[in-house]
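All values derive from a computational prediction rather than experimental measurement. Residue numbers begin at 1 in each chain, while the letters A, B, ... track the order of the sequences.
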Protein chains: 2
Amino acid sequence: MNVVALTTTRRKASQRRRAPQIIEAAARVFAERGFHGATTQDIANVLGIKQASLYYYFSSKETALELVCLKGVEGFFDAAKAIAARPESATNRLTLLIKSHLSPLVDRPDFVRVFLNERQHLPRESRRRIGRWSRGLERIFEDVITEGIKKGEFRADLDARLATLAILGMCNAASNWHRKESTDITRAAAEFAQLAISGMGKRPTVPRRRR
Amino acid sequence: MNVVALTTTRRKASQRRRAPQIIEAAARVFAERGFHGATTQDIANVLGIKQASLYYYFSSKETALELVCLKGVEGFFDAAKAIAARPESATNRLTLLIKSHLSPLVDRPDFVRVFLNERQHLPRESRRRIGRWSRGLERIFEDVITEGIKKGEFRADLDARLATLAILGMCNAASNWHRKESTDITRAAAEFAQLAISGMGKRPTVPRRRR
DNA sequence: AATTCCATCTATTGAGCTATAGAAAAATCG
DNA sequence: CGATTTTTCTATAGCTCAATAGATGGAATT
């Protein structure tokens, strides 16, 4: 047998033609029933193939979860980091952060939902990795808020950590209601940003009158 | 056979001596691993009894979930309704609502967590019932906010629905971080209330600044 | 046309889990 | 103590599910 041919020509599971569809089906099913509540049969049903055929695309159900979670956070972190680094006021950057944080909910809601609710069921190693990533994102929000406090844009007595948790909680909850509610996400993002900004603003604050 | 004796002397599962402990163990395990991720064996392990013995206390795993969820919401709704009916400003009532909403997290965090994350796995009937309850609670928040807008306490352009979702999202997320974060819930409740109130409040108009 | 590769299928194994039945042990009560 | 009731145990049935092995058919390649 030709070992070289095998290793050079055989593609990884993630590069197989229907791989994106398979992962999307997994995302849908995991989002709907939760990781443990979902069966590989459920995923196969969505795709119209047999349960065993899935294992051509991933080596275990847990691997499938990992792929879904990874796609759920893809770009997230880098986008946030870029926004935080801009030469703008903390207020503006936080507004952008909130809008950016909500945007993936528009085009891949299932992936986000799975990432938020099911990542706890990942195997140790990848859970740690994703946890680290997650904390990094929180950090970005918190740092911008802290900076905003220092610069006098936000209340001096504000607890940056709690404000971060509040904002992220508010945003992440959107993945739970965005299906049923009629409101579109973009509008929600704008309203949420305004809520947060004025919520953290200095008490006898004056609206920022530009120009 | 003596039917009367059976029905009069035999207690319901919920009245058996250790029933509260059994439900608490279930709450702990469900909170930690999720309903489908948890096994009845896990629950038995916590209690130091055999798996089959659990069925003396509940007739199915789903029933156990239902009991946990019910205890998770116990009192919630009535407390909120009472607060909403008080003869106080919308601002004050909303502050109280937020504090009241977070308080169960102090004494029965696992139950709340299970209610929030696992109620979707309840059987149709009880899921509906709890869903109705949940919508009722949202309604209370939303009504107070709407009233606050009408009375001029909050911004006229505020979307009451979105504000409700934001506040509840912010509060409910606390069940996810309260374990790891050092902050105590009472403090968080105060800060959250302030964030929400000033976030929805009318901003002073420009001329007032000069006085 | 023959060969190789890709995608899916059939068939099955083996593990783990819920739930039941009935015995045993422990507690309670007359 | 003896009887009754409550609680827990042993044993196991029956099912579902993830995962593997190997076959099949079609597409691409030479």
Fill in the blank from the handout: Sorted by position of nearest nucleotide on DNA chain C, 5' first, the leading residue of B/Ser60 and A/Arg18 is A/Arg18

Exercise for the section: Give A/Ser53 one of three labels, base, sugar-phosphate or nothing, depending on what nucleic acid heavy atoms sit under 4.0 Å from its own. Expected result: base

Handout entry: Atom-to-atom span, NZ of B/Lys50 to P of C/dA19 - whole angstrom
Key = 19 Å

Exercise for the section: Only one of B/Arg124, B/Lys71, B/Arg129, B/Lys61 passes salt bridge (Lys or Arg N to Asp or Glu O under 4.0 Å) with B/Glu66; say which it is. Expected result: B/Arg129

Exercise for the section: Whole angstrom is fine here: how far is it from CG in A/Asn45 over to P in C/dC9? Expected result: 12 Å

Exercise for the section: Inspect the surroundings of CD in A/Gln120 and state if more than 12 heavy atoms from other residues, nucleotides or ligands are less than 6.0 Å away. Expected result: yes

Handout entry: Proximity to the side chain of B/Gln51 - top-ranked nucleotide from C/dA19, D/dT7, D/dT20
Key = C/dA19

Exercise for the section: Establish whether the base of D/dA18 is bridged to the side chain of A/Gln41 by a donor-acceptor pair shorter than 3.5 Å. Expected result: no

Practice task
Starting at atom CG of B/Asp42, determine the distance to atom P of C/dC17, rounded to an integer number of angstrom.
Solution key: 7 Å

Exercise for the section: Could you tell me whether A/Glu147 and A/Arg93 have a side-chain N and a carboxylate O separated by less than 4.0 Å? Expected result: yes

Completion exercise
In whole angstroms, the gap separating P of D/dT8 from CG of B/Leu47 amounts to 9 Å

Exercise for the section: Examine D/dT8: is either OP1 or OP2 under 4.0 Å from a nitrogen or oxygen in the side chain of B/Tyr57? Give yes or no. Expected result: yes

Problem - Length of the CD1-P vector between B/Ile49 and D/dT6, whole Å - result: 17 Å

Exercise for the section: Evaluate the ring planes of B/Trp133 and B/Phe77, with Trp represented by its six-membered ring, and classify them as parallel (under 30°), tilted (30 to 60°) or perpendicular (over 60°). Expected result: tilted

Exercise for the section: Would you mind reading off the distance between B/Tyr56 atom OH and D/dT7 atom C1', rounded to a whole angstrom? Expected result: 5 Å

Practice task
With sequence neighbours left out, write down each residue that passes salt bridge (Lys or Arg N to Asp or Glu O under 4.0 Å) with A/Asp157, or none if nothing qualifies.
Solution key: A/Arg155

Handout entry: Under-4.0 Å side-chain N/O to phosphate OP1/OP2 contact, A/Thr40 with D/dC17
Key = no

Handout entry: Nucleotide of D/dT7, D/dC17, C/dT18 approaching A/Thr39 most closely (side-chain heavy atoms)
Key = D/dC17

Problem - Rounded distance in Å - CZ (B/Phe58) to P (C/dA19) - result: 8 Å

Exercise for the section: Please state how far atom CZ in B/Arg17 lies from atom P in D/dT6, giving the value in whole angstrom units. Expected result: 8 Å

Practice task
Have a look at A/Ala38 and say if it touches a base, only the backbone sugar-phosphate, or nothing, with a 4.0 Å heavy-atom cut-off.
Solution key: sugar-phosphate

Exercise for the section: Measure from the side-chain heavy atoms of B/Tyr55 and tell me the nearest of D/dA19, C/dT20, C/dA7. Expected result: C/dT20

